[in-house]
Amino acid sequence: MTRNNPLNSKPGHNILLINPWMYDFTAYDLWLRPMGLLILSGFLKSHGYNIVLLDCLDRSHPILKRYEGNLPKRKENGSGKYLAEDIDIPKSIESIPRKYKRYGIPFNLTEAYLQELHKPDLIMVSSLMSYWWESTRDMIKLVKEIYPEVPVFAGGIYPSIYPEHCIRECNPDYIQVSNNLEELLIKVDKVLGISRDYRDIDFSIEKNYYPDYSFVGDRSSLPMMTSVGCPFDCPFCVTPLRWGKFRPLDLDRIVNDVTLYNREYGVRNFAFYDDALFFRKESHFYPFAEKLLKKKVQASFFTPNSLFARAVDGKMAETMKEMNFVNPRLSYESVDLELQKKMKKVDNSDLSNAIKNLEDAGFRRSDMEIYLLFGLPNQDKECVIEGMKYINDLGAKIHLTYYSPLKGTVFGDSIIEKYFPEDHDPALTNKFGFLTWHYKIGVVEFEEIREIKRHLNSQLD
Ligand code: SF4
């Protein structure tokens with residue numbers, strides 16, 4: 001059997017980190033990068049562990065060379081479609097007349113890759129969306145079959161929100177429910193029999209939250225983060241719960257990383273994963289932009305997480321243009337004035353001012369994308385259509401996202417308490433599934449809304 005783990009000759013303990021597949025009705029055309037695992041990799045390496053990372057959503061993973069069909073085309077910036085395999089739909093949402101798929105590296109190739117690895121000493125399986133939990137379960141089952149004696153951790157959003165469910169259904173040996181790095185290192189050391197003095201270690205986010213880019217195979221784009229957390233408390237969002245308030249990271253270190261990967265490795269696209277990139281812009285974003293502009297980095301910057309429209313004044317718009325932001329995405333979420341008041345982050349005038357400022361700075365309106373949520377509580381189909389028309393009247397593109405009720409959030413908890421069975425299957429919170437079973441929005445109606453979006457956006461092309 002071939003052993004393709006380059007770390008197998010290194011002394012010390014090997015930890016295998018796994019980002020499993022996406023299980024859903026449709027795939028995100030994403031930028032999706034396992035930022036949490038990249039950060040974890042950097043952290044564990046700095047404490048002496050050897051790391052191997054398997055990202056099942058890596059479109060350029062070497063194992064895909066063995067794929068016998070045609071691989072989906074990738075866009076220049078690294079986004080694009082995934083390979084997909086039909087899988088059984090979860091029982092709780094089986095009434096939805098759509099195909100359910102495993103997106104990412106095909107199962108047989110994932111299995112082959114894992115079988116050919118040098119045996120790890122510990123395996124950590126992450127999870128992103130709790131409604132994809134069956135992919136975490138299937139991955140844990142697979143690694144336990146291949147490496148029955150290796151301890152397996154489950155971490156990420158799903159075990160954090162549904163710890164009992166995860167222990168019962170996925171059978172990991174350990175779960176990690178918080179982002180506390182000290183707690184994690186102590187646990188990992190204990191499992192692997194390592195002892196060290198923890199008193200002198202700086203476990204702060206500011207010191208440790210930097211991705212280990214060595215595992216990003218596809219360098220057409222890299223994710224980056226200049227801060228963690230968010231000052232807002234939107235009733236549908238899990239970020240404040242998981243990450244707390246805004247904390248800036250070390251800007252010099254990030255500028256150096258971006259410059260290095262741009263110059264040495266030719267990376268031309270960077271995607272900001274911050275949740276609040278423009279918060280405290282005078283002391284955070286502007287100094288960052290100034291440092292980066294001085295380095296004369298030749299790259300494009302994308303904002304998959306969307307930006308605070310209220311912060312985009314004339315100076316910000318010009319800075320974004322100078323830095324070469326591409327397709328700026330702005331948060332809007334809903335045309336509903338009550339919700340806008342509740343969120344306190346954006347209203348109609350913030351959005352129209354931001355779009356005007358960006359246009360004045362040289363962006364085309366039709367290159368801007370505005371996030372609109374579909375499926376929020378008390379938001380009917382007409383409200384979504386009104387929101388789409390409002391964005392279209394401003395000349396910008398609609399970026400429709402679908403609401404999922406997340407446990408622990410204000411909206412999520414009230415919906416779960418009212419409508420969900422006790423000890424519910426997390427797959428019930430699948431965005432498309434939720435819209436269908438909760439709002440009784442059928443496939444036809446769903447497609448109608450998507451068609452309106454497509455039609456309005458195509459008017460701007
Ligand atoms: S501003 Fe964005 S990240 Fe912050 S709480 Fe609202 S939705 Fe979440």
Side-chain angles (χ1 to χ4, degrees), residues 28 30-33 35-36 39 128-131 156-158 160-161 179 205 209 223-249 271-281 284-285 302-313 316 320 325 327-351 353-354 368-379 383-384 387 391 398-416 429 431 434:
Y28 290 65
L30 280 192
W31 295 105
L32 211 59
R33 298 299 184 117
M35 194 64 162
I39 289 170
L128 193 53
M129 306 296 177
S130 37
Y131 50 86
I157 291 185
Y158 158 57
S160 309
I161 305 185
N179 294 319
I205 280 188
Y209 271 56
M224 59 188 284
M225 219 162 65
T226 68
S227 63
V228 173
C230 179
F232 291 103
D233 213 354
C234 299
F236 48 83
C237 178
V238 79
T239 293
L241 199 75
R242 276 189 62 73
W243 297 105
K245 294 295 176 200
F246 177 87
R247 266 160 303 176
L249 297 176
F272 285 104
Y273 276 44
D274 298 61
D275 285 307
L277 182 63
F278 290 169
F279 183 60
R280 295 198 191 131
K281 58 188 177 184
H284 183 71
F285 187 73
F302 294 80
T303 54
N305 275 359
S306 79
L307 303 164
F308 296 162
R310 189 170 291 165
V312 184
D313 54 15
M316 180 58 85
M320 289 165 67
F325 272 57
N327 296 118
R329 290 183 174 178
L330 303 172
S331 308
Y332 177 54
E333 324 297 13
S334 175
V335 74
D336 177 19
L337 300 181
E338 278 305 306
L339 181 62
Q340 291 181 4
K341 263 194 223 148
K342 220 178 255 174
M343 290 188 300
K344 301 191 199 88
K345 70 166 175 173
V346 58
D347 60 26
N348 289 0
S349 64
D350 294 326
L351 183 66
N353 287 340
M368 302 171 205
E369 294 180 19
I370 314 301
Y371 273 60
L372 185 74
L373 263 167
F374 174 20
L376 286 168
N378 304 324
Q379 182 202 43
C383 178
V384 180
I391 294 169
I398 303 149
H399 187 97
L400 206 53
T401 56
Y402 305 97
Y403 172 68
S404 157
L406 289 167
K407 225 170 136 197
T409 63
V410 175
F411 280 0
D413 282 349
S414 72
I415 288 174
I416 288 169
T429 64
K431 297 191 256 195
F434 176 68

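Just so you know, ligand 1 is whichever comes first in the structure, and atom 1 is the first atom listed for that ligand.
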(request) Tell me which protein heavy atom sits closest to atom 2 (Fe) of ligand 1, plus the residue, atom name and distance to 0.1 Å. (result) K345 NZ, 3.7 Å
(request) Name the closest protein heavy atom to atom 6 (Fe) of ligand 1, giving the residue it belongs to and the distance to 0.1 Å. (result) C234 SG, 2.3 Å
(request) Heavy-atom distances under 4.0 Å are what count here, so tell me which part of P231 touches ligand 1: side chain, backbone, both or neither. (result) neither
(message) Counting non-hydrogen protein atoms only, what is the nearest one to atom 8 (Fe) of ligand 1? Give residue, atom name and distance.
(response) C237 SG, 2.3 Å
(request) Return yes when at least one N/O/S atom of C230 is nearer than 2.8 Å to atom 4 (Fe) of ligand 1, and no when none is. (result) yes
(message) Any side-chain to backbone donor/acceptor pair from D274 onto A276? Under 3.5 Å, distance only.
(response) no
(request) Given side chain to side chain contact (heavy atoms under 4.5 Å, CB included), test S404 with T429 step by step and report yes or no. (result) CA-CA 5 Å; S404 157; T429 64; 3.9 Å; yes
(request) Taking only heavy atoms of F232 into account, list the atoms of ligand 1 that are under 4.0 Å away from them. (result) 1 (S), 5 (S)
(message) Determine whether the aromatic ring centres of residues F325 and F272 are separated by less than 6.0 angstrom.
(response) yes
(request) Look only at the side chain of N179 and the backbone of R242, and say whether a donor-acceptor pair between them is shorter than 3.5 Å. (result) yes
(request) Measure the shortest side-chain to side-chain distance between H284 and F278 over non-hydrogen atoms and say whether it is less than 4.5 angstrom. (result) no
(message) Need the ligand 1 atom indices (1-based, order shown) with element for anything under 4.0 Å from a heavy-atom of F308.
(response) 1 (S)
(request) State whether the side chain of K281 and the backbone N or O of M316 hold a donor-acceptor pair below 3.5 Å, judged by distance alone. (result) no
